[in-house]
*Asks:* 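Dropping a structure here in structure tokens format, bear with me for questions.
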Amino acid sequence: PEIGEGILYKLSDSTGDLQMTEVGREDLRRYMLDTNEVMILDRIAEIFIWVGNKASEVERRSAFRTATNFLKTNNRDPKTPIHMYKEGVAINNPLWNKIFDD
């Protein structure tokens, strides 16, 4: 399936339960990154986790485990690289910066 720039999910516990929902696919934009949540970008060959400044403690603590479970659930290589970034900290990954350069 065509993923373009990737599939962007948000990890949120705003409903009381931790849920991962798709927020964008193929053509991604910086405005899609929500400061209140943890965002997970699936690029198939690698996973990016972006932690918003206002993400809850549960979301922050669960981010990496959720990404590894996502790989397992989707029968993906458990050695897939997972990159983790925090909002407000410079990101030096050229691919991430290319995707969110708008």
Side-chain angles (χ1 to χ4, degrees):
E2 179 57 43
I3 65 157
E5 293 177 329
I7 304 169
L8 185 65
Y9 300 90
K10 76 174 174 179
L11 183 63
S12 176
D13 64 355
S14 63
T15 63
D17 293 318
L18 196 60
Q19 297 180 342
M20 187 167 145
T21 52
E22 184 177 326
V23 296
R25 176 182 290 255
E26 294 184 41
D27 186 23
L28 303 176
R29 301 282 177 225
R30 185 171 295 280
Y31 75 83
M32 295 174 169
L33 300 174
D34 186 342
T35 191
N36 298 301
E37 313 293 355
V38 167
M39 309 301 291
I40 297 176
L41 174 59
D42 178 17
R43 290 273 311 154
I44 305 297
E46 58 192 327
I47 301 284
F48 294 96
I49 300 170
W50 181 86
V51 180
N53 284 334
K54 297 178 184 172
S56 74
E57 189 62 32
V58 170
E59 292 164 356
R60 291 170 190 264
R61 282 196 326 259
S62 304
F64 196 83
R65 184 175 64 246
T66 299
T68 56
N69 287 342
F70 177 82
L71 292 172
K72 277 186 214 166
T73 301
N74 291 286
N75 297 315
R76 303 262 286 284
D77 184 348
K79 294 179 183 153
T80 299
I82 299 174
H83 311 281
M84 192 164 190
Y85 304 118
K86 294 184 178 173
E87 181 180 10
V89 176
I91 298 173
N92 295 319
N93 184 295
L95 180 58
W96 175 272
N97 291 329
K98 182 176 181 230
I99 292 169
F100 293 107
D101 71 348
D102 59 39

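The residues of the chain are indexed from 1 along the displayed sequence. Note that the coordinates shown come from a computational prediction; the quantities given were computed from them, not determined experimentally.
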*Asks:* How close do Ile40 and Met20 get, counting heavy atoms only, and between which atoms?
*Replies:* CD1-SD, 4.1 Å
*Asks:* What I'd like to find out is whether the side chain of Thr66 reaches to under 4.5 Å of the side chain of Glu59, using heavy atoms alone.
*Replies:* no
*Asks:* Under the side-chain contact (heavy atoms from CB on, under 4.5 Å) rule, collect the residues that match up with Ala67, sequence neighbours excluded.
*Replies:* Ile47, Ile49, Ile82
*Asks:* Looking only at non-hydrogen atoms, find the nearest pair between Phe48 and Asn93 and report the distance.
*Replies:* CE2-ND2, 3.6 Å
*Asks:* Under 4.5 Å between side-chain heavy atoms, counting indirect links through other Ile/Leu/Val/Met/Phe/Trp/Tyr residues: same cluster for Ile99 and Met32 or not?
*Replies:* yes
*Asks:* For the atom pair CG (Asn74) and CG (Asn69), what is the distance rounded to the nearest 0.5 Å?
*Replies:* 10.5 Å
*Asks:* Are the side chain of Asn97 and the backbone of Ile91 linked by a donor-acceptor contact shorter than 3.5 Å?
*Replies:* yes
*Asks:* Under 4.5 Å between side-chain heavy atoms, counting indirect links through other Ile/Leu/Val/Met/Phe/Trp/Tyr residues: same cluster for Leu71 and Met84 or not?
*Replies:* yes
*Asks:* Donor-acceptor check, side chain of Glu5 to backbone of Leu28, threshold 3.5 angstrom: yes or no?
*Replies:* yes
*Asks:* Is the side chain of Arg60 donor-acceptor paired with the backbone N or O of Ala55 at a distance under 3.5 Å, no angle test?
*Replies:* yes
*Asks:* Supply the atom-to-atom distance Thr35 OG1 to Lys54 NZ, rounded to the nearest 0.5 angstrom.
*Replies:* 5.5 Å
*Asks:* Which heavy atom in Thr80 sits nearest to a heavy atom in Glu46, and how many Å separate them?
*Replies:* CG2-CA, 3.6 Å
*Asks:* Any link between Phe100 and Trp50 through a network of hydrophobic side chains (Ile, Leu, Val, Met, Phe, Trp, Tyr) touching at under 4.5 Å?
*Replies:* yes
*Asks:* Starting at CZ of Arg25, measure out to CG of Leu8 and round the result to the nearest 0.5 Å.
*Replies:* 11.0 Å
*Asks:* Taking all heavy atoms of Ala45 and all of Pro81, pick out the closest pair and write down the distance.
*Replies:* O-CD, 3.3 Å
*Asks:* Measure across Gly6 and Arg43 and return the closest heavy-atom pair with its distance rounded to 0.1 Å.
*Replies:* N-NH1, 3.9 Å
*Asks:* Is it possible for you to say whether Val38 and Val23 belong to one hydrophobic cluster, with membership spreading through side-chain heavy-atom contacts below 4.5 Å?
*Replies:* no
*Asks:* Less than 4.5 Å apart, any side-chain heavy atom of Asp42 and any of Arg76?
*Replies:* yes
*Asks:* Would Phe70 end up clustered with Trp96 when hydrophobic side chains under 4.5 Å apart are linked, directly or stepwise?
*Replies:* no
*Asks:* Hey, could you give me the CZ/CG distance between Arg29 and Asp101, rounded to the nearest 0.5 Å?
*Replies:* 8.0 Å
*Asks:* Using the six-membered ring wherever Trp is involved, compare the ring planes of His83 and Tyr85 and label them parallel, tilted or perpendicular (cut-offs 30° and 60°).
*Replies:* parallel
*Asks:* Please assess Leu11 against Tyr9 for the test side-chain contact (heavy atoms from CB on, under 4.5 Å), listing each intermediate value before the final yes or no.
*Replies:* CA-CA 7 Å; Leu11 183 63; Tyr9 300 90; over 6 Å; no
